[in-house]
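Comments concern the structure below.
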Number of protein chains: 2
Amino acid sequence: MTTTAGTQRIPLDRDRVLAAAVDLADHEGLDAISMRGLAAGLGVVPMALYKHVADKDDLIDGMVDTVVTAYAATDPALTGADAVRSRILAARRALVEHPWMRRAIETRTRRTPAVLAHMDDVAGAFLAAGYSVDLTHHAMHALGHRIWGFSPEAFEEPPRTPPTPAEQEATLRVMSERYPHITAIALDTATRNPSGACDEQDEFEFTLDLLLDAFARLRDAGWASHP
Amino acid sequence: MTTTAGTQRIPLDRDRVLAAAVDLADHEGLDAISMRGLAAGLGVVPMALYKHVADKDDLIDGMVDTVVTAYAATDPALTGADAVRSRILAARRALVEHPWMRRAIETRTRRTPAVLAHMDDVAGAFLAAGYSVDLTHHAMHALGHRIWGFSPEAFEEPPRTPPTPAEQEATLRVMSERYPHITAIALDTATRNPSGACDEQDEFEFTLDLLLDAFARLRDAGWASHP
DNA sequence: GAGCTAGGTGTACGGCGTACACCGGTCGAT
DNA sequence: ATCGACCGGTGTACGCCGTACACCTAGCTC
């Protein structure tokens, strides 16, 4: 089981390890990432990976970096809030392709070069559009994880097995009694989208634009946080 | 080691298990929560916990519920966005006391009664203030995790050992060359707060008010998402 | 040819969540 | 008074995890 007859093993390198990890996470989810499983997929013994990544944390940092590095560069024709918007939506596209990124980013603490570069680009777009350093700072805070292409969702749906109509009616009755307001929201959504699901992309862009708009207003008003 | 001479063991119940878990997490962090460690702290064998919680996931759901249940009720004198604001800031106070809540909430999928009740209260406050169901829905999305008292922070600082002044200068030079914009922000912050740290509470309230303000404007303009 | 190095191996350790069989009390029904 | 059910705590064991450490080998440099 060392080498398949005659075929030479191409030696691993960090990029191949990371690419395999990204691929595995894309198909099986972040929880499926284990040093053992990843190694098996590469036809290699688990400890071999440690020649290319420091530890599992470094592996996941590397995966994040791999994806962030691949973000499309901002269209240089865009300026100001449009440049920010375009960069953030590029991040979101990557995020939709790699759903595990969301949780991966949330648990990272080290800031790798690609991550810093993305933050720097977003900040740079604000500054180039005449936002003060001060206001840019606040805008970055306000955008939060939105600059990575997602918003944290209080409303997130648990993956569920579809209930029978009877169950559905029973829970609806209970819900509307105990939680009338969120039930009203759910029912209102359902009138427009029978599946009852929210259009996450819409919500994302809605809030993104709301925030960008609010910040543009502050900029135009000459706002400053310090007296 | 069954029972200390004479003293009767008070039997465990779910609430005592959850309270012990919350306490442990408060002092040692969420990662310190293991069935084995928690059991040891309670002077009990690990499997004993499974008589009171279904599994580790249920344990953490229960911990979240415990804290959320303890949120101060909204001051009934407050109305509208003020009621929302007050409820969210109450959540934030709880979050500061229980730092592990942040990560715990982020990884939850099940929505427990206390969690639903909090969401329902926030939504109810909007509706009571004359926001349409539609607009309330969008506002809840936009607030995202903010209704739990925190915002996801792109800017989060890793816990770090303070570097020597020489190192500090070296990294500053590298940073300001490669990432001029975020460095500018950091330096600007440092002029007002020598530690260079952001005031998270300020940033939180700033964005919260920005959003509440933007939504109030939409309400007053009679905004609706559907034509 | 000696020695170094990079990359892959094998073994082992300590931790985790939890399935499963068990066992001593308490208590209600007979 | 006896029996059975049930409830809370126990003990053992399994399979997974990350990774430390010693090792082996092929190829390269001097």
Side-chain angles (χ1 to χ4, degrees), chain A residues 1-22 24-25 27-64 100 103-104 106-110, chain B residues 1-22 24-25 27-64 100 103-104 106-110:
Chain A
M1 180 92 18
T2 54
T3 314
T4 329
T7 72
Q8 289 252 356
R9 182 210 301 293
I10 312 155
L12 243 44
D13 60 17
R14 183 170 229 263
D15 283 345
R16 279 195 43 228
V17 170
L18 295 181
V22 166
L24 182 56
H27 291 89
E28 314 278 339
L30 195 57
D31 289 329
I33 298 288
S34 75
M35 298 307 267
R36 291 171 141 92
L38 180 57
L42 286 162
V44 115
V45 93
M47 286 309 291
L49 301 178
Y50 287 85
K51 299 290 181 186
H52 307 287
V53 298
D55 52 24
K56 192 178 176 179
D57 237 49
D58 182 43
L59 171 71
I60 298 189
D61 279 337
M63 292 168 64
V64 170
W100 51 270
R103 242 184 68 207
E106 272 172 345
T107 57
R108 288 310 83 194
T109 57
R110 297 179 211 162
Chain B
M1 182 85 31
T2 53
T3 312
T4 329
T7 73
Q8 289 252 357
R9 182 211 298 296
I10 312 155
L12 245 42
D13 61 18
R14 183 169 231 261
D15 283 345
R16 279 195 44 227
V17 170
L18 295 182
V22 166
L24 182 56
H27 291 89
E28 313 278 338
L30 195 56
D31 289 328
I33 298 288
S34 74
M35 299 306 268
R36 290 169 140 95
L38 180 57
L42 286 162
V44 115
V45 95
M47 286 309 292
L49 302 178
Y50 287 85
K51 300 291 179 179
H52 307 286
V53 299
D55 52 26
K56 192 179 175 178
D57 238 49
D58 183 41
L59 171 71
I60 299 189
D61 279 337
M63 293 169 64
V64 171
W100 50 270
R103 243 184 68 210
E106 272 171 346
T107 57
R108 289 308 84 194
T109 58
R110 298 179 211 162

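For clarity, every value in this text was computed on a predicted model and none was experimentally measured. Within every chain, numbering begins at 1; the chains are lettered A, B, ... in the order of the sequence lines, protein sequences first and strands thereafter.
Remark: C1' of C:dG17 and CG of B:Leu38 are 13 Å apart, rounded to the nearest angstrom. If you take CG of A:Asp13 and C1' of C:dG8, they are 14 Å apart, rounded to a whole angstrom. In this structure, CD1 of B:Ile33 is placed 14 Å from C1' of C:dG17, rounded to the nearest angstrom. With rounding to whole Å, B:Leu12 atom CG is found 9 Å from D:dT10 atom P. Between the CG atom of A:Leu42 and the P atom of C:dG8 there is a distance of 10 Å, rounded to whole Å. Between the CG atom of B:Leu59 and the C1' atom of C:dC16 there is a distance of 14 Å, given to the nearest Å. Spacing between atom CD1 of B:Ile60 and atom P of C:dT18 amounts to 10 Å, rounded to whole angstrom units. When the C1' atom of C:dG7 is taken as reference, atom CZ of A:Arg14 falls 16 Å away, rounded to whole Å.
Nearest nucleotide to the side chain of B:Val45, out of D:dG11, D:dT19, C:dG8: D:dG11. Among the nucleotides D:dG11, D:dT19, C:dT18, the one closest to the side chain of A:Met35 is D:dT19.
A heavy atom closer than 4.0 Å to some atom of DNA chain D occurs in A:Met47, A:Tyr50, A:Asp55, these being the qualifying members of residues 47-55 of chain A.
A side-chain contact (heavy atoms from CB on, under 4.5 Å) with B:Leu49 holds for exactly one of B:Val17, B:Asp55, B:Leu59; it is B:Val17.
The base of D:dG18 is paired with the side chain of A:Arg36 by a donor and an acceptor separated by under 3.5 Å.
Scanning all heavy atoms of the two residues, the minimum distance from B:Asp61 to B:Arg108 falls at OD1-CD, 2.7 Å.
To the nearest 0.5 Å, atom CE of residue B:Met63 and atom CG of residue B:Leu24 are 7.5 Å apart. Rounded to the nearest 0.5 Å, atoms CE (B:Met35) and CE (B:Met47) are 8.0 Å apart. Between the CG atom of A:Asp15 and the NE2 atom of A:His52 there is a distance of 11.0 Å, given to the nearest 0.5 Å.
B:Arg36 meets the side chain to side chain donor-acceptor pair (under 3.5 Å) test with no other residue; sequence neighbours excluded.
Within the 3.5 Å criterion, the main-chain N or O of A:Pro11 finds a donor-acceptor partner in the side chain of A:Arg16.
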